[in-house]
Amino acid sequence: MTAQSERPPQRPQEQTRRDAGETAPGGTASDGLAPRTAVADLPLVSPFESAGLVDVFKRRYLLKLLVQKEVQSRYQGSLLGILWSYVQPLVRFCMYFFVIGLVFGLHKSVPNFAIHMFAALAGVHFFTETFSSGTRSIVRNKAIVRKMPMPREMFPVASTIVSAVNSFPQLLILFVGAVAVGWHPEWEGIAAGLLAFTILTLLGTALALLFSAMNVFFTDFQNIVSTFQLFTHWIVPMIYPFEKLAMSSLGHTVFYNLYLSNPLTVAVLLLQRCFWVPTLPACPSQYTCLPDGDPSKLGFPNMPHHLFGLGLVMLVISLVILVLCQWAFSRLEGKFAERL
């Protein structure tokens, strides 16, 4: 007989004791199994509890898959595909330049008006697309929201990344056009461009988080966003130079201060500082020009006082708005599955 068959049968009391994780009489804790906690004693944890945006970037692989899905679905069944990202901004630019630049003659009084306008157009388009697509992101992916336990913030964040991908062709066209008319790199201008896109990303993501959550409960919010987009081209110095406002009767009123309190306006001015200002001719000139040919010396009224200081203030404000919108999103996301 083998050693296994010679082993005496285990008594029911000892078997029960081992199943419960207790130690047999005369034995030590290491001889038995680890004690098991009853499921009923575990605290209840919300299935929607997460670390917010931090948790999104911890799951970068899932975020990458979601971004790829959004990009592919956008151009699915299209003959031109990604080329539409080049065609649409070019058509939009030509339309604005023809009406504002040629018909109203601003291209004569504003040197390189095409770069001035297109720099603002690229920034505004990135912001509005982030805001608009982010607002619809949760409702558009409601099947995934109902079935998969994942940070809900991932959908607006993925929309922001997709908007950046779609905005890259505009920046490429802008860069080539600026170089063609004399743009040259300088550290202050590059810093202005980076600061501008940081403000636009933070502000766009923040509003996308808030409005995507509210759009789950009332779909009117996506129509509110569409209506807001009608004003974005007018509340920033895109189709008119900043100098026009600064030297007008509104230049020393409360309206002027409110105008510069808009993070989108300051971000557009920073983009123009990056791409348009280095293309200006050196003084003397009949129109806007650079003192001693130095872009850093161009000040009021062509650019607001302390532009970089304003940019840093708007960066902090955009970050605060992002934190508040994240908090509001986390308060609402628990009811997403029920409302969807």
Side-chain angles (χ1 to χ4, degrees), residues 50 52-93 121-145 148 150-175 193-194 196-216 219 221-226 228-229 232 264 267 271 318 321-322 325-326 329 333 336 340:
S50 68
L53 293 174
V54 176
D55 205 14
V56 170
F57 291 101
K58 285 182 179 178
R59 307 187 184 189
R60 289 185 293 273
Y61 179 73
L62 190 58
L63 180 61
K64 177 183 175 182
L65 292 178
L66 193 57
V67 169
Q68 290 176 347
K69 168 186 169 295
E70 293 289 333
V71 173
Q72 291 172 0
S73 63
R74 172 168 298 206
Y75 300 107
Q76 187 176 11
S78 172
L79 292 176
L80 295 180
I82 194 69
L83 289 179
W84 281 114
S85 296
Y86 293 86
V87 173
Q88 290 174 344
L90 280 175
V91 172
R92 191 182 299 113
F93 164 74
L121 185 61
V124 169
H125 178 264
F126 171 59
F127 171 78
T128 54
E129 183 172 350
T130 299
F131 191 10
S132 177
S133 61
T135 298
R136 301 189 305 268
S137 60
I138 295 202
V139 174
R140 189 171 60 241
N141 293 280
K142 59 184 179 181
I144 302 177
V145 172
M148 290 187 62
M150 58 189 297
R152 307 298 195 253
E153 295 89 347
M154 190 168 292
F155 300 102
V157 171
S159 297
T160 300
I161 297 174
V162 172
S163 299
V165 172
N166 293 327
S167 299
F168 177 77
Q170 290 192 51
L171 290 178
L172 184 59
I173 295 170
L174 173 62
F175 175 75
L194 293 175
F197 277 106
T198 304
I199 293 172
L200 292 174
T201 302
L202 291 177
L203 184 64
T205 305
L207 295 179
L209 280 170
L210 178 63
F211 278 75
S212 64
M214 299 177 75
N215 192 52
V216 172
T219 55
F221 281 96
Q222 63 189 30
N223 297 320
I224 292 174
V225 173
S226 300
F228 169 75
Q229 290 179 3
T232 52
L264 182 59
L271 280 176
S318 299
I321 294 174
L322 178 62
C325 291
Q326 162 68 74
F329 186 95
E333 67 172 331
F336 284 177
L340 291 173

Paired with Thr130, the side-chain contact (heavy atoms from CB on, under 4.5 Å) test is passed by just one of Ser159, Pro156, Ser163, Ser167, namely Ser163

As a test of understanding, state which of Leu202, Thr201, Leu200 forms a side-chain contact (heavy atoms from CB on, under 4.5 Å) with Thr198.
Leu202

Do the side chains of Asp55 and Arg59 get nearer than 4.5 Å, heavy atoms only?
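Yes. Closest side-chain heavy atoms under 4.5 Å.
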
Any Ile138 side-chain heavy atom under 4.5 Å of Phe329 side chain
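In contact.
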
Looking only at heavy atoms, which two atoms of [X] and [Y] are closest? And how far apart?
{"X": "Ala208", "Y": "Ser212", "value": "O-OG, 2.7 Å"}
{"X": "Gly123", "Y": "Leu271", "value": "CA-CD1, 3.5 Å"}
{"X": "Val56", "Y": "Glu153", "value": "CG2-CB, 3.7 Å"}
{"X": "Met154", "Y": "Leu63", "value": "CG-CD1, 3.7 Å"}
{"X": "Ser132", "Y": "Val225", "value": "CA-CG1, 3.9 Å"}

Salt bridge (Lys or Arg N to Asp or Glu O under 4.0 Å) partners for Arg136, two or more places apart:
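Arg136 satisfies salt bridge (Lys or Arg N to Asp or Glu O under 4.0 Å) with no residue once adjacent residues are dropped.
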
Counting only N and O atoms by type, is there a donor-acceptor contact under 3.5 Å from the side chain of [X] to the main-chain atoms of [Y]?
{"X": "Ser137", "Y": "Gly134", "result": "yes"}
{"X": "Asn166", "Y": "Val162", "result": "yes"}
{"X": "Arg60", "Y": "Phe57", "result": "yes"}

Show, in sequence, the C-alpha distance, side-chain angles and deciding distance for Phe197 and Leu171, and conclude whether the side chain to side chain contact (heavy atoms under 4.5 Å, CB included) test is met.
CA-CA 11 Å; Phe197 277 106; Leu171 290 178; 3.4 Å; yes

Atom [atom1] in [X], atom [atom2] in [Y]: separation rounded to 0.5 Å?
{"X": "Leu53", "Y": "Thr205", "atom1": "CG", "atom2": "OG1", "result": "8.0 Å"}
{"X": "Phe126", "Y": "Leu121", "atom1": "CZ", "atom2": "CG", "result": "14.0 Å"}
{"X": "Gln229", "Y": "Thr128", "atom1": "CD", "atom2": "OG1", "result": "5.0 Å"}
{"X": "Leu207", "Y": "Leu322", "atom1": "CG", "atom2": "CG", "result": "9.5 Å"}
{"X": "Ser226", "Y": "Phe221", "atom1": "OG", "atom2": "CZ", "result": "13.0 Å"}
{"X": "Glu333", "Y": "Leu209", "atom1": "CD", "atom2": "CG", "result": "10.0 Å"}

With sequence neighbours excluded, tell me which residues meet side-chain hydrogen bond (donor to acceptor under 3.5 Å, both in side chains) with Lys69.
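Result, side-chain hydrogen bond (donor to acceptor under 3.5 Å, both in side chains) vs Lys69: Asn141.
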
